[in-house]
Amino acid sequence: MSGRTKLTFVESKLFLRDPTAVFFVIALPIMLLTIFHFVTTKSDDDAATKASMAAFVPAMAMSLCLTMLALNLLPTTLATYREKGILRRMAASPVHPGNLLVAQLVINLVTAAVSAVLVIAVGTAAFDTDLPGDIPAFLISFVLGTWALFSVGLVVAAVAPSSKSATAMGLSLLFPSLFFGGAFLPKEDLPGTVATIGDYTPLGAALQALRDSWEGQWPQNLHLSVLGVIAVAATVAAAKLFRWE
């Protein structure tokens, strides 16, 4: 077993020992799926509105999981390691600190994928939720959305000197993202200006792209372009700004 593999295994065990993290990224999307299912099934909305909500809810649950991982857990963990000098000590060991960054990315990406699979599995098994209507479009939207959101989280991790500052910065991005991105209300129920701003945020673009693919439509070029530009720009910024100590 290589050093990077061992490090990833150890970091995975540490991640699973944090019940709060596991709850937010695994249990919370399933809870949201359950709550919204019962709310929509008991509402007096017409069939078209219920069908639209059936695509919005799983897309929202997945997007929320990605956002929590990207803007809360990932940057806070890396900033904590920097604050405690773990990255500096690793730089003097045979295990390069870059391996820790890779390990954290792998763990968070796997967690995001597991959460997405659970949302689909629970939705189809318990609530008769339809599968994404366009699988290739769904996969592209999920990958681009994950890349864009995680790259923004890495920028936070790159500049935050401590865990508290990383948490504060992450939350300062999280709540506006939820508001403008349409996680609280579907895009069509938001004021026009708010919905327009949301189209240019990583969460808003990812959520709408996932929702479109769930409804069997190819995502809008605007949303895919926004995700691609943010992913590339934030990745480059994080690489240039990241400090090991």
Side-chain angles (χ1 to χ4, degrees), residues 12 15-41 50-77 104-133 135 137-150 152-153 170-171 173-187 189 198 201-215 219 223 227:
S12 300
F15 177 82
L16 293 174
R17 287 176 182 174
D18 183 357
T20 303
V22 176
F23 171 80
F24 276 111
V25 300
I26 299 295
L28 184 59
I30 302 302
M31 289 179 61
L32 289 173
L33 188 67
T34 304
I35 292 170
F36 272 88
H37 168 77
F38 287 110
V39 170
T40 54
T41 54
K50 289 185 177 181
S52 178
M53 287 297 294
F56 166 75
V57 173
M60 177 271 296
M62 290 184 187
S63 300
L64 183 60
C65 171
L66 292 175
T67 306
M68 293 293 295
L69 284 169
L71 300 182
N72 192 346
L73 296 180
L74 178 60
T76 300
T77 299
Q104 282 295 320
L105 284 173
V106 169
I107 292 167
N108 283 272
L109 289 171
V110 170
T111 304
V114 170
S115 179
V117 171
L118 285 176
V119 167
I120 294 174
V122 172
T124 54
F127 308 127
D128 294 326
T129 303
D130 293 333
L131 292 173
I135 298 298
F138 169 78
L139 293 175
I140 291 174
S141 300
F142 186 81
V143 170
L144 273 179
T146 301
W147 183 14
L149 286 163
F150 274 47
V152 173
L171 291 177
L173 292 173
L174 174 63
F175 291 110
S177 296
L178 295 176
F179 175 72
F180 288 105
F184 294 138
L185 289 172
K187 179 181 177 181
D189 294 332
T201 65
L203 173 58
L207 195 161
Q208 193 59 44
L210 288 171
R211 186 180 178 186
D212 288 341
S213 65
W214 215 288
E215 294 177 340
H223 298 137
L227 292 175

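On a predicted model such as this, the values are computed, not experimentally measured, just so you know. Just so you know, these numbers use all the heavy atoms, side chains as well, and skip hydrogens, waters and symmetry mates.
Under the side chain to side chain contact (heavy atoms under 4.5 Å, CB included) test applied with Val152, the options Leu173, Thr201, Leu74 reduce to a single match, Leu173.
Smallest separation of non-hydrogen atoms from Ile120 and Phe138: CD1-CZ, 4.1 Å. Here the closest heavy-atom approach between residue Gln208 and residue His223 is recorded as CG-CE1, 3.2 Å. The nearest pair of heavy atoms linking Ala206 to Gly145 is CB-CA, 3.9 Å. Residue Ala183 comes nearest to Leu203 through the heavy atom pair CB-CD2, 4.4 Å, listed as atom of the first residue, atom of the second, then distance. Smallest separation of non-hydrogen atoms from Pro29 and Val119: CB-CG2, 3.9 Å.
Atoms CG and OG, from Leu210 and Ser141 in turn, are 5.5 Å apart once rounded to the nearest 0.5 Å. The CD1 atom of Ile135 sits 8.5 Å away from the CH2 atom of Trp214 when rounded to the nearest 0.5 Å.
Remark: Phe150 pairs with no residue by the ring-ring contact (aromatic ring centres under 6.0 Å, His included) rule, at least two apart or across chains. Listed by chain and residue number, nothing satisfies the side-chain hydrogen bond (donor to acceptor under 3.5 Å, both in side chains) test with Ser177 (two or more places apart in sequence, or in another chain).
Using a distance-only test at 3.5 Å, with no hydrogens or angles considered, no donor-acceptor pair links the side chain of Ser115 to the main chain of Ala112.
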Donor-acceptor pairs under 3.5 Å, side chain of residues 57-73 to any protein atom, not counting sequence neighbours: which ones?
| unit_1 | atom_1 | unit_2 | atom_2 | d |
| --- | --- | --- | --- | --- |
| Ser63 | OG | Ala59 | O | 2.8 |
| Thr67 | OG1 | Ser63 | O | 2.8 |

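In this structure, Trp147 and Leu227 have side chains that are not in contact, with every pair of non-hydrogen atoms separated by 4.5 Å or more.
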